[in-house]
Amino acid sequence: MDARGYGGGAAAAAMSVGEEAARLWAELPVRVDWAAVAAQCAWAAARARALLVVPAVRALVYLSLAMTVMILVEKLFVCAVCLAVRALRLGPARRYRWEPIAAAAGDVEAGAGAAARYPVVLVQIPMYNEREVYKLSIGAACALEWPAERVVIQVLDDSTDPVVKDLVEMECHRWMSKGVNIKYEVRGNRKGYKAGALKEGLKHDYVKDCQYIAMFDADFQPESDFLLRTIPFLVHNPEIALVQARWKFVNSDECLLTRFQEMSLDYHFKYEQEAGSSVYSFFGFNGTAGVWRISAINDAGGWKDRTTVEDMDLAVRTMLRGWKFVYVGDIKVKSELPSTFKAYRFQQHRWSCGPANLFKKMMVEILENKKVSLWSKIHLWYDFFFVGKVAAHTVTFIYYCFAIPVSVLFPEIQIPLWGVVYIPTVITLLKALGTPSSFHLVILWVLFENVMSLHRIKAAVSGLLDAGGRVNEWVVTEKLGDANKTKPSSNGSDSIKVIDVKLTEPLVPKIVKKRTRFWEGYHCSELFVGICIILCGCYDVVYAKKGYYIFLFLQGTAFLVAGFGYVGTRPPSTA
C-alpha cells in the first residue's frame, strides 16, 4: 500500500471517532446553554464589581484623600512655623546662647593658654572605596580652624579595594607630616557598615579626651570655620546634643535628576528641619554635617546597626532621653548628589525602608517613654514617623499612580475636585518654596516624584513588615566626583561600583563575570506601570470622559522615560 493509502485510512479513522463522540454527546441528558453560561458569568462579574471591586477602590480613594489632608496640614504647619521664625528673627542664636569661644580670632594661634579654652573635638570621616572624593573630604577636615592640639581627625576606612585603601592611607600620612593630628583606622570586617565603623572609632584611647564629634561623609567638604560656628552651641548650652548644618550641593546643575533632588532636599532642610528645631527641638539627624556631644551618644546607648538608618535611630533614642537638637541653616556644607538613576534608586530605598523599619521597632518604646512630654511623643509618633515617613511614601503612589488612574474605569467612583486639583496643587507649591529658582521645573519634578513613589512604597512596606532580603541591606551610594568630566583610565579602576552590603555580615566582594542582556538596561516595573496608566488615559478619552487623561498621559510618559533609562547621567565607562 502506498502513502496515500495510509493517509486515507487515518482520515477515515479520525472521522469515525468524531462521529462517535458527537453521537455520545447528543445522547447526554444535559444540554449546555452557552448563552445562559455567559449571562451567568456576566452577572457574577457585575456582582463582584458592585460588592467588592468598587467598594475597595472607593475605600482606597477615601483613605488616600484622608492621608492627603494629613500631609497638607503638616505642610501648612511647617511653612507657617518657618515664616514666623524668619519674620520674628527667632534663629538659633536667639533661642540659645551663642558666644565665640575665643575673644579674638588670633587666639587660635595665641599659645597653650588660649587653646585650652577650646574643647577637644573628634572629626570622623567614614569611607568606603571613595577614590573620587577622599582627597576633598580629608583636605577640608584638615583645614578646619581649631587649635591643632585640640582636634583629632579620624579617617575610618572600610575600603575593600587595596589600591584605594593605600591611596587614603598615603593621604593621611601626607597631612600627618604637615603636623595635623590625623588617625587612619581600619578594622577586620565591615559588620554594621557605617554604624559599626563609627562605633568602633569611639573605642580608641585618644577618643576619651574628646567632648564632641563632628561627622562628615566622604563627599562632604565643610568650610574652615565650621567648628568655630557650631561648637559654641554645645559649649554654652549643656542640654543640646546635636548641631546640624545644611547641605549645599556642588553638582545640582549637572542634570535634571540632580535638580529634582535639590528641590526635595532644599525643602527638607529649609522647612522641615527648621520647623522641627524651632518647635520641638528635635529632627532627624542627616547622618553627616553635624556635631554631636559624645556624652549624649553614650547616654542614648551608642550606635546601633539594627536598621539602615543608624543616624535616625540614634537621634530618636537621644530625643527620648530628653536631649535637644538645633538646626543652623546658615552653616552650609558642600556635598555631592547621586547623578545616576541606579544610585538614586538605591539611596531612596534605604531612606524609605529604614525609617519605616525603625518606626516598627520603636513605636511601643516611644509610647512607653516617661522622659519626654505627651506632645513630643505625639509629634514623634504621628508627625515625624507616620505622616513623614510612612504616609508620604505610600499615598503618593496609591493615590496618584493607582487610585486616580483606576477610577476612570468605574463611573460610580467620583473623586472631588478639591482632592484631585486643589490640595495637590497647594502641597506642591508649598514644597516648591524651598528652591524658588527651580519653580519652572515644578511639573516635571512632581511627575518624577510620583515615579519614585513606586520604589518608596515598596521600600516602606517591606520596612514596616520587616520582610524581604533588602530590609537590612546597605547599598553604597555611587559618588562620581569629577569622573563624569574626565576620561577614566583604560583598566577601568577609576570607577566606583554600587555594591550591596548586608549589615550583619562582613563584605567579601566576589568578582563575577556576568553576561549582559539587552533588557537589563531597562526598568520593567516603571515600564509596566507607565503602560497601565497610559491605557487608563486612553479609556478616559474614549469612554469615561472624566478629564484625567492629560495627567494620566503625562504621568505614564514619565514612567516610560524612567523605565527606558533616560534619567540622570550615565556612569563612567569602564571600557
Side-chain angles (χ1 to χ4, degrees), residues 61 63-83 86 249 252 255-276 337 344 348 351-352 383 386-405 407 415-457 460 526 529-530 533 537 546-559 561-562 567:
V61 169
L63 177 63
S64 300
L65 289 174
M67 297 174 74
T68 303
V69 171
M70 293 179 187
I71 295 174
L72 173 64
V73 172
E74 187 264 342
K75 301 303 179 190
L76 289 172
F77 175 74
V78 165
C79 290
V81 169
C82 293
L83 292 176
R86 293 167 189 172
F249 312 108
S252 58
C255 59
L256 274 178
L257 176 59
T258 55
R259 290 291 293 273
F260 294 155
Q261 292 178 70
E262 181 190 35
M263 295 173 72
S264 300
L265 290 172
D266 275 355
Y267 171 79
H268 167 69
F269 280 102
K270 293 181 180 180
Y271 288 88
E272 292 179 332
Q273 298 294 72
E274 182 67 62
L337 293 166
Y344 184 61
Q348 292 303 299
W351 286 5
S352 302
D383 189 40
F386 179 73
V387 175
K389 312 302 179 187
V390 178
H393 293 328
T394 57
V395 72
T396 303
F397 181 80
I398 292 175
Y399 185 44
Y400 301 107
C401 303
F402 181 78
I404 292 178
S407 70
I415 305 177
L417 187 62
W418 58 264
V420 179
V421 179
Y422 300 145
I423 287 184
T425 300
V426 174
I427 293 175
T428 300
L429 293 177
L430 291 175
K431 294 184 66 176
L433 292 175
T435 314
S437 60
S438 298
F439 190 79
H440 59 289
L441 299 174
V442 163
I443 294 178
L444 296 178
W445 174 48
V446 169
L447 296 174
F448 176 73
E449 286 293 292
N450 291 344
V451 172
M452 290 306 303
S453 69
L454 169 63
H455 303 285
R456 290 172 181 146
I457 188 174
E526 284 91 344
V529 175
I533 292 178
K546 289 189 176 182
Y548 298 162
Y549 60 90
I550 297 178
F551 164 72
L552 297 178
F553 286 150
L554 291 174
Q555 190 60 71
T557 302
F559 270 99
V561 170
V567 176

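Everything numeric here is computed off the predicted structure, so don't read it as measured data.
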Query raised in the report: Can you find a pair of side-chain heavy atoms, one from Gln555 and one from Phe559, that are under 4.5 Å apart?
Result: yes
Report task. State the CD1-CZ distance between Ile457 and Phe402, to the nearest 0.5 angstrom. Result -> 10.0 Å
Query raised in the report: How far apart are the closest heavy atoms of Leu433 and Cys79, and which atoms are they?
Result: CD1-SG, 4.3 Å
Requested in this report: Can you measure from CE (Met70) to CG (Leu65) and round to the nearest 0.5 angstrom?
Outcome: 11.5 Å
Query raised in the report: With sequence neighbours left out, which residue pairs that include part of residues 63-81 fulfil the side chain to side chain donor-acceptor pair (under 3.5 Å) condition?
Result: Lys75-Glu272
Query raised in the report: In Å and rounded to the nearest 0.5 Å, what is the OG1 to CG distance from Thr425 to Leu72?
Result: 11.0 Å
Query raised in the report: Is the shortest heavy-atom distance from the side chain of Phe249 to the side chain of Leu265 under 4.5 Å?
Result: yes
Report task. Report yes or no: does Thr258 contribute a side-chain atom to a donor-acceptor pair with the main-chain N or O of Cys255 at less than 3.5 Å? Result -> yes
Report task. Could you tell me whether the side chain of Met67 reaches within less than 4.5 Å of the side chain of Thr394, counting heavy atoms only? Result -> yes
Query raised in the report: Going by heavy atoms in the side chains, are Val78 and Tyr267 under 4.5 Å from each other?
Result: yes
Query raised in the report: Are Leu257 and Phe448 close enough that some pair of their side-chain heavy atoms sits under 4.5 Å apart?
Result: yes
Query raised in the report: Is atom CZ of Phe269 surrounded by more than 12 heavy atoms (other residues, nucleotides or ligands) closer than 6.0 Å?
Result: yes
Query raised in the report: Any idea which heavy atoms bring Ala403 and Val61 closest together, and the distance?
Result: CB-CG2, 4.0 Å
Requested in this report: Quick one: closest heavy-atom pair of Ser252 and Leu337, and the distance?
Outcome: CA-CD1, 4.2 Å
Query - Side chain to side chain, Gln348 and His455, heavy atoms closer than 4.5 Å - result: no
Report summary line: So CG of Leu552 and OG1 of Thr557: to nearest 0.5 Å the spacing works out to 10.5 Å
Query raised in the report: Below 4.5 Å, heavy atoms only, C-beta onward: do Leu256 and Val567 meet side chain to side chain?
Result: no
Query raised in the report: So which heavy atom on Gly434 is nearest to which on Lys270, and how close?
Result: O-NZ, 2.8 Å
Query raised in the report: Between Thr396 and Ala392, which heavy-atom pair has the shortest distance, and what is it?
Result: OG1-O, 3.0 Å
Query raised in the report: Should the heavy atoms of other residues, nucleotides or ligands under 6.0 Å from OH of Tyr271 be counted, would the total exceed 12?
Result: yes
Report summary line: Tightest non-hydrogen contact, residues Val69 and Trp418, listed as CG2-CZ3, 4.1 Å
**Report entry** Atom pair CD1 (Ile398) and CD1 (Ile404), whose distance is rounded to the nearest 0.5 Å
**Finding:** 12.5 Å
For residues 435-447, which side-chain donor-acceptor pairs fall under 3.5 Å, sequence neighbours excluded?
residue : atom : partner : partner atom : Å
Thr435  : OG1  : Asp266  : OD2          : 3.0
Ser438  : OG   : Arg259  : NE           : 3.4
Ser438  : OG   : Arg259  : NH2          : 3.0
Trp445  : NE1  : Ser264  : OG           : 3.1

Report task. Write out all pairs satisfying salt bridge (Lys or Arg N to Asp or Glu O under 4.0 Å) with one or both partners inside residues 430-454, taking only residues at least two apart or from two chains. Result -> Glu449-Arg456
Query raised in the report: Do Met452 and Phe260 come within less than 4.5 Å of each other through their side chains, counting heavy atoms only?
Result: no
